Amino acid sequence: MHPPITVISQRNHVFRQRIEVDSLEALYADVPTLAGGEGSAPDPHDYFDISLGTCKAITVQMYAKRKKWPLTAITVTVQRDDSEEAHGTYKLNVALTLHGISDPEQRARLEEISHRCPIQRLMTQATVDITTHVI
């Protein structure tokens with residue numbers, strides 16, 4: 001079992017939250033000013049999108065390292081289209097820039113491997129069971 005993630009509302013802020021993950025440096029979340037927040041940190045949707053982008057980057061890097069391919073860096077851009085979210089469709093367009101890889105077969109394989117990242121599988125194939133209770 002993983003250590004819990006703790007989210008604590010920030011005093012003197014409208015919706016800003018402090019996020020504590022194990023002993024790591026704290027993260028913060030907020031909502032945009034259009035939604036009544038201060039826009040001082042990524043919002044929960046951003047973190048959802050960030051998890052996909054970072055997982056794809058790490059998965060590709062691990063694979064390239066194992067294969068000893070010349071990947072020097074990867075840039076992942078995630079573009080959200082949430083215009084149909086209220087109707088059950090949340091679209092993420094992901095662009096991978098593979099620095100140091102020019103071989104078309106390696107590039108194609110790394111794209112394929114990016115689809116296998118655990119977060120993409122979690123987002124698209126898993127049933128997530130959430131239990132919430134008040135203490």
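Everything quoted here is computed from the prediction, not taken from an experiment.
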Taking Gln17 for the side chain and Ser9 for the main chain, is one N or O donor matched with an acceptor at less than 3.5 Å? yes

I need the minimum non-hydrogen distance between Tyr28 and Ala41, along with the two atoms involved. O-CB, 3.5 Å

I'd like to know if the side chain of Arg80 pairs up with that of Tyr90 as donor and acceptor (distance under 3.5 Å, no hydrogens or angles considered). yes

Looking at every heavy atom in both Val14 and Glu38, which two are closest together, and how far apart are they? N-OE2, 3.1 Å

Can you see which heavy atom on Gln106 is nearest to which on Pro70, and at what distance? OE1-CD, 4.0 Å

Could you report the tightest heavy-atom contact between Ser114 and Val60, atom names first, then the distance? CB-CG2, 3.7 Å

Non-hydrogen atoms of Gly53 and Val78 that approach each other most closely: CA-CG2, 3.8 Å

Leu52 versus Cys117: any side-chain heavy-atom pair under 4.5 Å? yes

Under 3.5 Å, side chain of Thr72 to main-chain N/O of His99, donor-acceptor pair present? yes

Answer whether the closest heavy-atom distance between the side chains of Gln79 and Leu92 falls below 4.5 Å. no

Can you check whether Gln10 reaches Asn12 side chain to side chain, under 4.5 Å on heavy atoms? no

Are Thr77 and Val94 side-chain neighbours, meaning at least one heavy-atom pair lies under 4.5 Å? no

Atom of Asp30, atom of Gly39 and distance for their closest heavy-atom approach: OD2-N, 3.2 Å

Can you check whether Ser83 reaches Lys91 side chain to side chain, under 4.5 Å on heavy atoms? no

Can Val31 be reached from Phe48 by stepping across I, L, V, M, F, W or Y side chains whose heavy atoms are under 4.5 Å apart? no

Please check this pair: side chain of Asp43 against backbone of His45, looking for a donor-acceptor N/O pair closer than 3.5 Å. yes

Side-chain contact test, heavy atoms from C-beta onward, threshold under 4.5 Å: evaluate it for Ile74 versus Gln61 and give yes or no. yes

N/O donor-acceptor pair under 3.5 Å between Thr89 side chain and Glu85 backbone: no

Hey, are the side chains of Tyr63 and Arg116 touching, using non-hydrogen atoms and a 4.5 Å cut-off? no

Answer yes or no: is there an ion pair linking Arg18 with Glu20, defined by an N-O contact shorter than 4.0 Å? yes

Beyond-backbone contact of Gln125 with Gln120, side-chain heavy atoms, under 4.5 angstrom: no

